[in-house]
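Just so it is clear, the structure is predicted and the values come from calculations on it, not from any experiment. Remember, it's 1-based here, ligands and their atoms both numbered in the order they're listed.
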Amino acid sequence: MKRLLLIVMVLFVGVVPALGNGAGEKVEFRATIGDDGVQRVRIVGGEYYYRPNHIIVKVNVPVEITATNDSRVVPHDLIVKAPEAGMDFRIDLKKDAQAVRFTPTKVGVYPMYCDKKLLFFASHREKGMEGVIEVVE
Ligand SMILES: [Cu+2]
């Protein structure tokens, strides 16, 4: 029984992440400022990636992130915890686009990640579901 559990774990931890498309490769997106002065970014999340996963935005200009879940069955979210830079939010990713607005106030590179996790398996973040928001001058 223990051995079976071990095999199942190895399969899950080893094989399933390998099936995720796009995990690990860097996909950069530099936001442009719209006519209304807002930088708009679209992010798609899935197993176990964000696309794009490297977002570049200008400091002190409002940002609107619209995110969707590419997965039918696996729950995902998108978290940024950088209150010191004006960014502190969590989006539950759904089939329908969910939006969040904020204004980054400090130049730097800030992590974004999914904290979902199934039982004792590795978290989605550990499987590669993470990226960065880079705030520039
Ligand atoms: Cu996830």
What lies under 2.8 Å from the Cu ion (ligand 1), restricted to protein N/O/S atoms, is His76 ND1, Cys114 SG, His124 ND1, Met129 SD
Verify, without hydrogens or angle tests, whether Gln39 (side chain) and Val61 (backbone) share a donor-acceptor contact under 3.5 angstrom. yes
Side chains of Tyr113 and Asp77 only: does a donor on one sit below 3.5 Å from an acceptor on the other? no
Non-hydrogen side-chain atoms of Leu78 and Glu130 separated by less than 4.5 Å: no
His76 vs Tyr48 aromatic rings, parallel, tilted or perpendicular, using cut-offs 30° and 60°? perpendicular
Are Ser71 and Glu47 close enough that a side-chain donor and a side-chain acceptor fall under 3.5 Å? yes
With Lys106 via side-chain contact (heavy atoms from CB on, under 4.5 Å) - residues at least two apart: Glu84, Ala85, Tyr110
